[in-house]
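Since the structure comes first, as structure tokens, the remarks are kept for the end.
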Amino acid sequence: MPKVLVSDPIDQAGLDILSQVAQVDVKTGLSNEELVQIIPEYDALMIRSGTRVTQEIIEAGNQLKIIGRAGVGVDNVDVPSATRKGIVVVNSPEGNTIAAAEHALAMMLSLSRYIPDANHSVKNGTWDRKSYVGAEVYKKTLGIVGLGKIGSHVAAAAKAMGMKLLAYDPFISIERADHLGCRLVDMDLLFRESDYITLHIPKTPETANLINAEALAKMKPTVRIINCARGGIIDEAALAEALKEGRIGGAALDVYENEPLEADSPLRSLGKQAILTPHLGASTAEAQINVAIDVAEQIRDVLLGLPARSAVNIPGLYPDALEKLRPYLQLAENLGNLVGQLAGGRVELLNVRLQGELADNNSQPIVVAALKGLLSQALRERVNYVNASIEAKERGIRIIETRDGSIRDYTGSLHLEAKGALGDHSVTGALLGDGEIRITDIDEFPINVPPTHHMLFTRHRDMPGIIGKIGSLLGSFNVNIASMQVGRKIVRGDAVMVLSLDDPLPEGILAEIMKVPGIRDAYTVML
Ligand SMILES: NC(=O)c1ccc[n+]([C@@H]2O[C@H](COP(=O)([O-])OP(=O)(O)OC[C@H]3O[C@@H](n4cnc5c(N)ncnc54)[C@H](O)[C@@H]3O)[C@@H](O)[C@H]2O)c1
Ligand SMILES: O=C(O)[C@H](O)COP(=O)(O)O
């Protein structure tokens, strides 16, 4: 039974799903060293933001197939290292959207009305109404940085509260922003005109320290800033300084550069103009059930050999596309494997041509599948859909993709050409109506054979007797032939022979085949 390590608190609903297919060990609060030590026994790791999955942990995880992040942000996972090692990283892109958006809205209103401090004062036995005169959000301008899932929900709610909305998001269309009632503006204008600024962007090299001293200097002295996205997007020292000096009106933070927030952080000593919560954006009962189920289901699926629906490191493989393309992915993998062997390894160029109805599809998964097949002889089970592209890039394999919708011999077919140690070789394959795979062309010789585990290919001169000779030779080595096909372009010219074999070819037989008059070349291929 596979083993799953759960290293952060996860809702029981997720653990129940994992228990159906795996032994589940919940061990929270482990140090990096402890994780490095125990990770080799696990097939899957399930985390939240509390576990930092370092390169060291990934390197040690020799059995690891999947890392599941029960939440959105994967900035605590070394995704490039996982990709290199062929480990799928999945998250739950939508499970906590509402929770995070509602937390941001709660922060905005709490900041406006000093609710945390007012509450604290009453509980401490005072009745002070003068110190907590707040501001209304109605008719104020809210600047939303990042109009994705959470930003959009915040926009809808803020609009309903009568706020004017500005948004900055370079990857969102004007139409989408219009639809949400937001004016899409540049960042400077948003900084200058907003009464409230809320951040809903990922932490990336571009967004790190986005709100720094320079940005703060552009803002209104009354501006209130809310960060329920990621720590490190705001320069905390600069923010604390600006708040202390009254250069901005307030800040509500849920996330920090370092979590837990350091005991001596200058943020901790700020007054009622600052609200700090300990990364609670996703901490609702509903969100925790959503993300736990979402990610546990994906871990279960991957452990059962099925694809994951929200893999962050298998680009282009979305569930709908996957379902539609699944038979073609198998075709691409078989053809990639075949052309790689025919080209004799050390492939430097792979030309992938999508033909017929296949040309209308997203080519990326097909190319990844072809590369997986191509590299499988060299890398065996180490290559998968996650790392095939990176492995190909590191080997210097150049990839050319073309589409030709006009080729209509089958509903859709795939043509691969590889340049390798044995020169240029090409294969074409298609799917029959019943989903059966057929190899329809080898080195431009038309054939029609299903791929099988053991295959023998020859290049020979089309002449009487040659097929019989190969047949008896294989018989004399006790190799059973399942099917045999000959492809030729002209009578008595060059031809190819493709044999599907029930047994592997014994040592030495290829040399015997090469001695048969008329045979120019012979290759065995294992698919
Ligand atoms: N506090 C929490 O507990 C909590 C909970 C959930 C999500 N989050 C965080 O909230 C953030 C947003 O999550 P989401 O689900 O809305 O993500 P999303 O991917 O749906 O939206 C992010 C948006 O940011 C935009 N963006 C990217 N780079 C940008 C840049 N440089 N400038 C402006 N916009 C940029 C993208 O175009 C996208 O529209 C993430 O960082 C996520 O980790 C925090
Ligand atoms: O990115 C996220 O999903 C949030 O930051 C939630 O983090 P958490 O799972 O640790 O609450």
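Whatever order the structure lists them in is the order used to number ligands and atoms, beginning at 1. Atom set for the values below is all heavy atoms of this structure, side chains included, hydrogens, waters and symmetry mates excluded.
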Looking at [atom], what's its closest protein heavy atom, distance included?
{"atom": "atom 10 (O) of ligand 2", "result": "S49 OG, 2.3 Å"}
{"atom": "atom 3 (O) of ligand 2", "result": "V72 N, 2.6 Å"}
{"atom": "atom 6 (C) of ligand 1", "result": "N96 OD1, 3.2 Å"}
{"atom": "atom 11 (O) of ligand 2", "result": "R48 NH2, 2.8 Å"}

Please identify which atoms of ligand 2 are closer than 4.0 Å to at least one heavy atom of [X].
{"X": "R230", "value": "1 (O), 2 (C), 4 (C), 5 (O)"}
{"X": "G71", "value": "3 (O)"}
{"X": "G73", "value": "1 (O), 2 (C), 3 (O)"}

[X] and [Y]: side chain donor to acceptor below 3.5 Å:
{"X": "Y196", "Y": "S112", "value": "yes"}
{"X": "D16", "Y": "Q20", "value": "no"}
{"X": "N32", "Y": "E34", "value": "no"}
{"X": "E401", "Y": "S363", "value": "yes"}
{"X": "Y328", "Y": "E333", "value": "no"}
{"X": "E206", "Y": "T204", "value": "yes"}
{"X": "T277", "Y": "H103", "value": "yes"}

Could you tell me whether [X] and ligand 1 have an N or O pair separated by under 3.5 Å?
{"X": "G151", "result": "no"}
{"X": "V255", "result": "no"}
{"X": "D169", "result": "yes"}
{"X": "K203", "result": "no"}
{"X": "I172", "result": "no"}
{"X": "C228", "result": "yes"}

message: Against the six-membered ring of Y114, is K272 placed for a cation-pi contact (under 6.0 Å from the centre, within 45° of the normal)?
response: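 Flagged: K272 positioned over aromatic ring of Y114.
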- prompt: Given that the side chain starts at C-beta and the backbone is N, CA, C, O, which of these parts of I150 lies under 4.0 Å from ligand 1, counting heavy atoms, or is it both or neither?
  reply: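 For I150, backbone and side-chain atoms both sit under 4.0 Å from ligand 1.
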Ligand 1-proximal atoms of D75, by part, heavy-atom distance under 4.0 Å: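 No part of D75 is near ligand 1 at this cut-off.
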Report the part of [X] (side chain from C-beta onward, or backbone N, CA, C, O) that has a heavy atom under 4.0 Å from ligand 2; answer both or neither where that applies.
{"X": "D8", "value": "neither"}
{"X": "A70", "value": "backbone"}
{"X": "A282", "value": "side chain"}

field: D43 side chain to K3 backbone, donor-acceptor under 3.5 Å
entry: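 Between the backbone of K3 and the side chain of D43 there is a qualifying donor-acceptor contact (under 3.5 Å).
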Enumerate the atoms of ligand 1 whose separation from the nearest heavy atom of [X] is less than 4.0 angstrom.
{"X": "R230", "result": "41 (O), 43 (O), 44 (C)"}
{"X": "P170", "result": "32 (N), 33 (C), 34 (N)"}
{"X": "A100", "result": "5 (C), 6 (C)"}
{"X": "G73", "result": "43 (O)"}
{"X": "H279", "result": "1 (N), 2 (C), 3 (O)"}
{"X": "G146", "result": "24 (O), 34 (N)"}
{"X": "H200", "result": "12 (C), 22 (C), 23 (C), 24 (O)"}
{"X": "T207", "result": "30 (C), 31 (N)"}

field: Under-4.0 Å salt bridge between E136 and K140
entry: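 Not counted as a salt bridge, because no side-chain N and carboxylate O are separated by less than 4.0 Å.
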message: For the NZ atom on K218, are there more than 12 heavy atoms of other groups (residues, nucleotides or ligands in this structure) within a distance under 6.0 Å?
response: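 Count over threshold, so yes.
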field: R403 atom CZ: more than 12 heavy-atom contacts under 6.0 Å
entry: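 Check passes, neighbour count above 12.
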Would you check if [X] and [Y] make a side-chain contact, meaning some heavy-atom pair closer than 4.5 Å?
{"X": "L166", "Y": "S194", "answer": "yes"}
{"X": "K372", "Y": "Y385", "answer": "yes"}
{"X": "V352", "Y": "T402", "answer": "no"}

message: Tell me whether ligand 1 is touched by D254 - counting only heavy atoms on the residue side and a distance under 4.0 Å.
response: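 Yes.
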Output a table of donor-acceptor pairs, distance under 3.5 Å, between side-chain atoms of residues 170-182 and any protein atom two or more places apart or on a different chain; print 'none' if there are none.
| from | atom 1 | to | atom 2 | distance (Å) |
| --- | --- | --- | --- | --- |
| S173 | OG | R176 | N | 3.1 |
| R176 | NH2 | S152 | OG | 3.0 |

message: Which option wins on minimum heavy-atom distance to atom 9 (O) of ligand 2: Q288, H279, R69?
response: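 Nearest heavy atom to atom 9 (O) of ligand 2 lies in R69.
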task: From atom 11 (C) of ligand 1, work out which of I201, N76, V145 has a heavy atom at the shortest distance.
output: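 The nearest heavy atom belongs to I201.
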